[in-house]
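Residue numbers start from 1 in every chain, and the chains themselves are labelled A, B, ... in the order their sequence lines are given, proteins ahead of strands. Just so we're clear, the structure is a prediction, and the values are computed from it rather than from any experiment.
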Amino acid sequence: MNLQELKDKLPAEAAGLVDLYGPTILLMTAEQLREWLNYVFVGRYTEAYALYLKAASADTLLAEWDTTHAEWKAANDVNADKIAMSQKIGQVFAQVMIGMILAVVGF
Amino acid sequence: MTRRTWWSFLLGAALVLLLTGCSGLTARGEMKRLIDDSAAVAASDASRAVTVAILSPEARTILKRNAETFVTYRDAKTLNLFAYWFGGKQIYVSGKYAGLLDRVAKLAEVTAGSADAQTQEWLNAAVLKEAKVLIDVANARAGKRSEP
């Protein structure tokens, strides 16, 4: 089976992963591949990732930085939205509390 | 005001502090300075790398320094708020950012380790791409969006 045949058998979202990681996985030796699969199946993803990087070509390493930057960007967007929402909640809460305090002291 | 009202007020204030303080990546002390200073240096490196103006020996030194910085971030991070405030860890992160810091430290180590065999063009491209991620880390700390 080649990568295209593998992609054809997978759902569309998983096919993207084959494009991203497939070429490097094909470069692994049988021993590396066995070790990599063992790490994946027991959930030791950091070790699996290290092994993947060891097998990666120079161009794949650069592409991996682009992927990493995209992930950081997505995480930062979510983080910024969450902080903006928290600040809005904080402002509303402060307004309510000030109103309550003013009401209690008789203004 | 009754005692119950005051307790409600204090509880609400604590809730607000908790909500507003909930950035996914928070740093204090030395790590806060390192994150911001590294982003500033990275911006300067990026402006030279974009024109492939960094000579190979200097680019390798930059990649090595970046790798050390990312490893420092990884080792200083914690998901435990008590370890952050009382245990000497200076970067408090969500699970998402913890995974990203682990991955980027490993990627930077491998990149620096492979730098000896690379051309000046490749090295400058690597410096540029690493600079973007160092700036991403500073943006995460500041609660800002990242540049594309």
Side-chain angles (χ1 to χ4, degrees), chain A residues 20-21 24 36 39 43-107, chain B residues 1-2 5-6 8-9 12-13 15-25 70 74 93-94 96-97 99-111 113-115 117-119 122-123 125-148:
Chain A
L20 194 60
Y21 298 113
T24 299
W36 181 78
Y39 284 140
R44 290 170 61 180
Y45 301 118
T46 305
E47 285 93 337
Y49 185 61
L51 206 57
Y52 165 80
L53 292 176
K54 207 184 282 184
S57 67
D59 287 343
T60 304
L61 278 182
L62 289 183
E64 192 60 27
W65 278 105
D66 289 335
T67 306
T68 301
H69 170 57
E71 287 182 25
W72 274 93
K73 189 185 173 312
N76 284 354
D77 287 350
V78 171
N79 191 41
D81 287 345
K82 199 178 99 181
I83 290 169
M85 177 63 80
S86 298
Q87 284 171 346
K88 201 172 277 182
I89 291 170
Q91 281 170 359
V92 170
F93 177 80
Q95 283 170 354
V96 169
M97 289 312 295
I98 287 169
M100 278 173 62
I101 290 166
L102 290 176
V104 166
V105 297
F107 278 98
Chain B
M1 280 199 280
T2 64
T5 311
W6 277 114
S8 304
F9 175 76
L15 187 69
V16 169
L17 278 175
L18 193 68
L19 285 170
T20 53
C22 269
S23 174
L25 192 153
F70 283 121
R74 181 194 66 195
V93 286
S94 64
K96 176 70 184 174
Y97 282 119
L100 287 173
L101 285 176
D102 283 340
R103 284 186 57 176
V104 81
K106 188 52 71 181
L107 180 56
E109 278 182 322
V110 173
T111 304
S114 71
Q118 309 302 338
T119 63
W122 189 95
L123 292 166
V127 168
L128 182 60
K129 289 168 194 292
E130 290 194 6
K132 286 182 183 177
V133 179
L134 283 165
I135 294 167
D136 287 336
V137 178
N139 284 333
R141 192 201 69 70
K144 291 181 187 168
R145 292 174 181 277
S146 289
E147 296 295 319

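Between the side chains of A/W65 and B/T111, at least one donor N or O lies within less than 3.5 Å of an accepting N or O.
Contact record, B/G24 with A/N79: N-OD1, 2.7 Å, taken as the closest heavy-atom pair. Smallest separation of non-hydrogen atoms from A/L62 and B/A125: CD1-CB, 4.0 Å. The minimum heavy-atom distance linking A/A80 with B/G143 is given by the pair CB-O, 3.5 Å.
To the nearest 0.5 Å, atoms OG1 (A/T67) and CZ (B/R103) are separated by 7.5 Å. A/K82 contributes atom NZ, which lies 6.5 Å from atom OG of B/S94 (distance to the nearest 0.5 angstrom). In this structure, NE2 in A/H69 is found 9.5 Å from CG in B/L128, a value given to the nearest 0.5 Å. In this structure, CG on A/L61 lies 6.5 Å from CG on B/L107, to the nearest 0.5 angstrom.
Between chain A and the options B/D102, B/I135, B/V104, B/N139, heavy-atom pairs under 4.5 Å are most frequent for B/V104. Ranked by heavy-atom pairs under 4.5 Å with chain B, the list A/A70, A/A58, A/A50, A/A84 is led by A/A58.
Contact annotation for B/K144: only backbone heavy atoms (N, CA, C, O) come within less than 4.5 Å of a heavy atom of chain A. In this structure, no portion of B/A142 lies under 4.5 Å from any heavy atom of chain A. Using a 4.5 Å cut-off between heavy atoms, B/E130 contacts chain A through both its backbone and its side chain. The parts of B/L101 that come within reach of chain A are both its backbone and its side chain, each placing non-hydrogen atoms under 4.5 angstrom from that chain.
Between the side chain of A/N76 and the main chain of B/D136, a donor-acceptor pair closer than 3.5 Å is present. Between the side chain of B/Y97 and the main chain of A/W72, no donor-acceptor pair closer than 3.5 Å is present.
In this structure, A/E64 does not pair ionically with B/K106, as no charged nitrogen and carboxylate oxygen lie closer than 4.0 Å. A salt bridge links B/K129 with A/D66: the distance from a Lys NZ or Arg NE/NH1/NH2 to an Asp or Glu carboxylate oxygen falls below 4.0 Å.
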